Amino acid sequence: MASFTILEEFVVKKQDKLLEIAETYKPVLNHSSKVIKPDEKHLGRGDSQLIDFGNHYVGYITLIFRSIGSHPDAPLSLNLRFAERSEEFEYKSEDYHGWLSKSWIQEEVLHVDVLPAVVKLPRRYAMRYLEINVIDTSPKYKVIVDEVTFETVTSATARMVMPEYNGDVLLQKVDKVCQHTLANCMQDVYEDGPKRDRRMWLGDLRIQALANYASFKDATLVKRSLYLFAGLLFNDQQISSCIFTEPTLEPDDTYLYDYALQFMSTLVEYYEFTSDMKTLKELYPYAKAQFDYIYKQVDERGLLPDKEGEFWCFVDWGEDLNKEASANAILAYCLSDAIRASEILGYTEDRQSYTEMRETLVEAISNYFWNEQRGYYHSGSMKQISKHTQIWMLLAGIPKDPSRLAERLTTLHEGPEMVTPYIYYYLLTALLMYGRKEEAYSIIKQYWGGMLEIGADTFFEVFYPNDPQGSPYGSCLVNSYCHAWSCGVIVLLRKYYM
Ligand code: RAM
């Protein structure tokens, strides 16, 4: 079972100057209201009413109730359930025993002592559906839901643009749903998902930033996010994988090698989109510090050793995935970004040492992970062959014959299943890098099209095409069905298919 690792030592080292800059880019949240006047139903003990807002939104709910019958002689008590997908209502929170907190389930028990009443719920929800279950009124009265208002919030300001894709309706739909997903995750920071975890993760941020450059073209929230991550270091100048913004700015005690290294990628890509040299220069040392820290772990083979059993490198949520080879490929991939950044900044010494580090690493990767007999890269002591590993080897430019590996990737059916749009984005990127446009199209059709087929208003955190309610957490009740790492595909749609 997957789980998080709690660090033994965790000393937060805030960089106040950077955090102050981040705060100057704090976005204004835009509000709008959706009002529904449900059909008049007289609800008593055990009755329910379903409200459908017609699309996925993020925000605050206000309900207006009145009674019918005698004067209410007992409080109204309700169980309210909020769902991003209606299928979630098939599962009961009391049956959830997964490893993520049960408190993520969007559900409330509410007492209303005096009717009529206007009840504004304090929590922010991510949802399309609201199920109002009456626990009880009294034998002498029933309740009517007169009005439900959804005050939606997002910090996205750019208008949606809808490319034509030469009349390809599927691609148009995927593009549109990506934009909607991204906008719903744009709040005070780039949230991974507005239902869960409602916070900013570094690996997610990179894809959100790229998706934004390709669509809304607004880099301000990316800039704020980069300053926040760099401003919230811990221990050995480490950049946390995830940060909390409330009640005060704090890093999480999770360090994922692939996420920390991708700070460099996110930074240099931000520069390439904005030409903001000041930010690149100011934040480069923090990106560099991640390589310094991670290189301390390199072993006698010149490689990052496996840390099986720990939550040390993300890659994907797939069960039993060995991450050793992917982690090393990601290190090589991010070293290329470090070379690019140091070159832009004119830091010749850094450029030279990153180039040497990369050359040595690529050689070690080729020696230890290439499986000549199988024609694939393997990973870990059990020599696991997975799609994940081949993807990162291709992206990092490790294979001698990358076109051949890209071709062989399309016919590889062993190893753990890929389960998140996060790794699917990298799969598509790897295939498209080597011209495999048709295979990439059929994956978009199966995977993103598969989500649309089951009624996705926004794209999901995880999707198992053969088990649409599947979850790495033990129940779909805690899955996030609006998760912006699913939007990476928009970058590729607009680059390769328009
Ligand atoms: C989960 C979320 C998040 C991801 C981390 C590693 O909590 O899905 O998006 O980045 O895991």
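What you are looking at is a predicted structure, and each value in this text was computed from that prediction instead of being measured. Throughout, numbering of the chain's residues begins at 1 and tracks the sequence. All ligand and atom numbering here is 1-based and tracks the order in the structure.
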* Asked: Does Arg123 make a cation-pi contact with Phe82, if we ask for NZ or CZ under 6.0 Å from the ring centre and within 45° of the axis?
  -> no

* Asked: Are a donor atom and an acceptor atom from the side chains of Asn79 and Glu108 found within less than 3.5 Å of each other?
  -> no

* **Six-ring centre of Tyr368, Arg301 cation under 6.0 angstrom, axis tolerance 45°** => yes

* Nearest protein heavy atom to atom 11 (O) of ligand 1, by residue and atom, and its distance? -> Trp317 CZ2, 3.3 Å

* Structure fact -> A student checking ligand 1 against His483 at a 4.0 Å heavy-atom cut-off should list atoms 2 (C), 3 (C), 8 (O), 9 (O)

* Are the aromatic rings of Phe311 and Trp317 close, with centres under 6.0 Å apart? -> yes

* cation_pi(Arg85, Tyr129) dist<6.0 Å, angle<=45 -> no

* To do: Kindly confirm or rule out an N or O of Glu461 lying under 3.5 angstrom from an N or O of ligand 1.
  => yes

* Relative to the heavy atoms of Arg196, which atoms of ligand 1 are at a distance of less than 4.0 Å? -> 1 (C), 2 (C), 7 (O), 8 (O)

* To do: Run the contact test for Tyr422 against ligand 1 with a 4.0 Å cut-off on heavy atoms, strictly below, and give the result.
  => no

* **Cation over ring face, Lys437 and Tyr497, 6.0 Å, 45°** => yes

* Asked: Which of the atoms in ligand 1, numbered in the order shown and given with their element, are less than 4.0 Å from a heavy-atom of Tyr473?
  -> 1 (C), 8 (O)

* Asked: What atoms in ligand 1 come closer than 4.0 Å to a heavy atom of Tyr259?
  -> 4 (C), 6 (C), 10 (O)

* To do: Find all atoms of ligand 1 within a distance of less than 4.0 Å from any non-hydrogen atom belonging to Trp485, and give their numbers and elements.
  => 4 (C), 8 (O), 9 (O), 10 (O)

* Asked: Are a donor atom and an acceptor atom from the side chains of Tyr424 and Asp316 found within less than 3.5 Å of each other?
  -> no

* **Identity and separation of the nearest protein heavy atom to atom 3 (C) of ligand 1** => Asp192 OD2, 3.4 Å

* To do: Any atoms of ligand 1 less than 4.0 Å from a non-hydrogen atom of Asp204? List them with their elements.
  => 3 (C), 4 (C), 9 (O), 10 (O)

* **Proximal ligand 1 atoms for Asp197, defined as those under 4.0 Å from one of its heavy atoms** => 1 (C), 2 (C), 7 (O)

* Compare all side-chain heavy atoms of Met498 with those of Tyr165 and state whether any distance is below 4.5 angstrom. => yes

